[in-house]
Amino acid sequence: MTLTVTFWGTRGSVPAPGASTAYFGGNTPCVELRTGTNALLILDAGTGIRHLGYSLLERAGGKPIVADILLSHAHWDHIQGIPYFTPLFGAGHEFTFRGAPALLGGIEYALRAQMTAAVFPVTFDAFRAQVHFRALNEVERGDGYALKTTPLRHPGGATGYRITDGNSGAPALVYISDNELGNAEGYSSAPGWRDELVQFVRGASLLVHDAQYTADEYERHRGWGHSRYEDVVDLAIDAGVQRLVLFHHHPERSDIALSEQLAACQKRVSEKGARLEVLAAAEGTTLTV
Ligand SMILES: [Zn+2]
Ligand SMILES: [Zn+2]
């Protein structure tokens, strides 16, 4: 049994379309996850979910689409694709928005508020699919998967996921978008937060992690809730991860610049004598876990 992961949106903060970002992609975060039993989980609903919607309709061939949409938090770049997710307008489909209990109220508020008259012509109630909101517990079991959550270091809070095959408990995908690994004030995390995070990530087959900043950029954006490349590589090494996928790319990072950062991360791995494969998330690519 395997988990299949497809990247529909990889960019952080704001969509960044254009010739210079065409390879890694300009859509904001959205990841499709298929379990070994073919159940569908959607991780975040940035603009990448628009194309996912068309793909799901095509693959479903008229049959109902059922999915849980796990939202790491309600910042704009993680929800702004929802009004353009076409299956929500179709009767017979069923979607459950899920978030950590402390964030779920804010998530529902934000999803509805981004479809009010001042900012959008169609209201949230126009969706003809069945729509539910349900809190995500710290530990969950679903169709073909088991899931654990962890709070992240991000302004307003965000949630990371560890998702494993439901039967074997392995291998694991860890999805951590919008997380600050550097030292910054303003988070309620306990002093041992990094050790706890290493434990959470420990032994993952695939770690998808926020990698928004270079070291220079980070100094100008400390406390904004994102990580520099070096810290992400070190976390993956310390946790014994097999494959690290850099994610939530800076909107100004061109394909060429991102390739250079990726090469620098790979160099850091070899300098430390570690065994870790490092990739950068690219829109339209599929990985199996
Ligand atoms: Zn974000
Ligand atoms: Zn955010």
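This one's a predicted model, so the numbers in the text were calculated from it and none came from an experiment. Note that ligands are numbered from 1 as they come in the structure, with each ligand's atoms numbered from 1 the same way.
A salt bridge does not link Arg228 with Asp216: every distance from a Lys NZ or Arg NE/NH1/NH2 to an Asp or Glu carboxylate oxygen is 4.0 Å or more. With respect to Asp238 and Arg202, no salt bridge is recorded, no charged nitrogen being found less than 4.0 Å from a carboxylate O. Between Glu94 and Lys63 no salt bridge is recorded (no basic side-chain N to carboxylate O distance below 4.0 Å). Using a 4.0 Å cut-off between charged side-chain N and carboxylate O, Arg98 and Glu140 make a salt bridge.
For Asp77, the N, O or S atom with the smallest separation from the Zn ion (ligand 1) is OD2. Nearest N, O or S atom of His73 to the Zn ion (ligand 2): atom NE2.
Among the backbone and side-chain atoms of His78, no N/O/S atom is found under 2.8 Å from the Zn ion (ligand 2). One of the N, O or S atoms belonging to His248 lies under 2.8 Å away from the Zn ion (ligand 1).
The Zn ion (ligand 2) is the vertex of the angle joining OD2 of Asp178 and ND1 of His75, which measures 180° to the nearest 10°.
Ring to ring, His154 and His226 are close: their centroids are under 6.0 angstrom apart.
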